[in-house]
Amino acid sequence: MKIFKILAVSAMVLGMTSCISKKQYDALSTNYKQCIENIGERQREIQDLKSQNSALSGENNLLKSQHDALKSSLDACLANTGKSSSNIDKLVGEINASNSYIKQLISNNAKNDSLNLALSNKLKRSLDNVTDDDVQVKVLKGVVMISLSDKMLYKTGDYNVLPAAQEVLGKVAKVINDYDKYSVLIEGNTDNAPLSSPNLPKDNWDLSALRGTAVAKVLQSQFGVDPARITAGGRSEYNPKATNMSVSGRAENRRTEIIIMPKLDEFMKLMDIAPKK
């Protein structure tokens, strides 16, 4: 509501340009544009939150369904007087253990989703002045994915990172270092245009893998990302995002992806708290 009030006042003042100096007009115009940009950012954050809420609602419904099934089993057991009290106690214990696990799982999922959303929003703000065609950031299945275009990173058919890409990789590295409990996976990808050479890269497998490791080395050596957190490799032409029948599709497929996700031991902790069967 405050934002819309600011916009209304800014619009009214802009209509009175004949009564104010050019310096005041320019200041009001800048303020108006900043308000418009802030609204756009808030709308993007709202859409992200809606997506996260929808996913959590689905998980919650599934867990409720499992809980209802367990409760039905208990009711059936209580109705059957032939069952021993020890079996009933065992079933009650399993239900209590399941309830405890469900609550902890929901809590952990909510925490991870909140961290991922905050990480994604921070990356989007850091890379706000970069062309959307060159850098894309999104949250997918609990991980943050940064897709970088090949034209920004490398020369055609080459794997050495261009100096012009240092600024973007520096911004990405800053966020990665801020979230030091997360792992970093770097994947090189190519289109299906054949590459044959006696020297490296010999084919698309080599090219994609060398590009992935080249970005990893820049993050490590230039920006201090802990190499123990990094996994780097290539997927050649076998993980396309678009058709290779068009120029734009092939360009999209020649991407390098930086995937930021919780470390494996965090998932193992969830497995350790699962109720024993």
Side-chain angles (χ1 to χ4, degrees), residues 119-140 143-180 182-261:
L119 193 160
S120 176
N121 288 335
K122 187 170 183 178
L123 276 166
K124 288 176 180 176
R125 287 193 294 270
S126 298
L127 303 171
D128 192 48
N129 63 335
V130 181
T131 305
D132 289 342
D133 292 339
D134 290 336
V135 181
Q136 297 178 5
V137 180
K138 64 181 179 180
V139 177
L140 181 64
V143 301
V144 176
M145 302 182 68
I146 309 164
S147 184
L148 307 175
S149 70
D150 72 315
K151 68 177 182 179
M152 182 189 70
L153 292 173
Y154 327 98
K155 293 181 180 178
T156 302
D158 193 14
Y159 58 88
N160 293 299
V161 178
L162 294 170
Q166 297 287 329
E167 181 182 359
V168 171
L169 291 179
K171 291 179 178 180
V172 172
K174 174 66 169 59
V175 178
I176 290 174
N177 287 330
D178 287 344
Y179 289 79
D180 58 356
Y182 279 56
S183 293
V184 182
L185 174 62
I186 304 173
E187 292 184 349
N189 292 270
T190 70
D191 58 25
N192 65 348
L195 178 66
S196 179
S197 171
N199 303 314
L200 287 177
K202 294 182 178 180
D203 53 30
N204 282 331
W205 273 116
D206 281 350
L207 181 60
S208 63
L210 288 168
R211 285 183 167 183
T213 54
V215 171
K217 290 175 182 177
V218 170
L219 293 178
Q220 175 189 352
S221 60
Q222 300 296 322
F223 303 109
V225 177
D226 182 1
R229 299 171 56 196
I230 301 175
T231 301
R235 303 189 71 175
S236 187
E237 63 196 69
Y238 302 109
N239 186 35
K241 290 180 67 177
T243 177
N244 282 302
M245 301 299 291
S246 66
V247 173
S248 60
R250 290 193 298 274
E252 188 173 357
N253 290 336
R254 295 190 303 268
R255 69 201 181 279
T256 296
E257 291 184 334
I258 301 176
I259 304 168
I260 308 173
M261 56 189 175

Spacing of [X] atom [atom1] and [Y] atom [atom2] [to the nearest 0.5 Å]:
| X | Y | atom1 | atom2 | result |
| --- | --- | --- | --- | --- |
| Ser183 | Asp226 | OG | CG | 10.0 Å |
| Arg250 | Arg254 | CZ | CZ | 7.0 Å |
| Leu210 | Lys202 | CG | NZ | 11.0 Å |
| Thr190 | Tyr238 | OG1 | OH | 8.0 Å |
| Tyr159 | Leu200 | OH | CG | 6.0 Å |
| Glu252 | Thr243 | CD | OG1 | 10.5 Å |

Please name the residue in the list [options] that meets the side chain to side chain contact (heavy atoms under 4.5 Å, CB included) test with [X].
| X | options | answer |
| --- | --- | --- |
| Glu257 | Arg235, Met145, Gln136 | Met145 |
| Ile258 | Leu185, Val137, Val172 | Val172 |
| Met152 | Thr256, Leu162, Asp134, Leu169 | Asp134 |
| Arg255 | Asn239, Leu148, Ile146 | Asn239 |

Could you tell me which non-hydrogen atom of [X] sits nearest to which non-hydrogen atom of [Y], and how far apart they are?
| X | Y | answer |
| --- | --- | --- |
| Ala232 | Gly212 | CB-O, 3.8 Å |
| Trp205 | Gly234 | CZ3-O, 3.4 Å |
| Gly157 | Leu207 | O-CD1, 3.8 Å |
| Ile176 | Val184 | CG2-CG2, 3.6 Å |
| Ala216 | Ile230 | CB-CG2, 3.8 Å |
| Asn177 | Gly224 | OD1-O, 3.8 Å |

If we only count heavy atoms from C-beta on, is the [X] to [Y] side-chain gap below 4.5 Å?
| X | Y | result |
| --- | --- | --- |
| Asn160 | Lys155 | no |
| Tyr154 | Val215 | yes |
| Arg211 | Asp150 | yes |
| Val161 | Lys217 | no |

- Task: Determine, step by step, whether Ile186 and Leu219 satisfy the side-chain contact (heavy atoms from CB on, under 4.5 Å) criterion, reporting the C-alpha distance in whole Å, the side-chain angles of both residues, the deciding distance to 0.1 Å, and the verdict.
- Result: CA-CA 10 Å; Ile186 304 173; Leu219 293 178; 3.8 Å; yes

side-chain contact (heavy atoms from CB on, under 4.5 Å), that's the test. Do Phe223 and Lys174 meet it? Break it down for me.
CA-CA 8 Å; Phe223 303 109; Lys174 174 66 169 59; over 6 Å; no

Going through the checks in order, is the side-chain contact (heavy atoms from CB on, under 4.5 Å) test met by Val218 and Gln166? CA-CA 8 Å; Val218 170; Gln166 297 287 329; 3.9 Å; yes

Does any N or O in the side chain of Asn253 come within less than 3.5 Å of the main-chain N or O of Glu237, such that one atom is a donor and the other an acceptor?
no

Looking at Lys241, I'd like to know if its NZ atom is crowded, meaning that more than 12 non-hydrogen atoms belonging to other residues, nucleotides or ligands lie closer than 6.0 Å. yes

Q) So, Asn189 versus Ser208: side-chain donor-acceptor pair below 3.5 Å or not? A) no

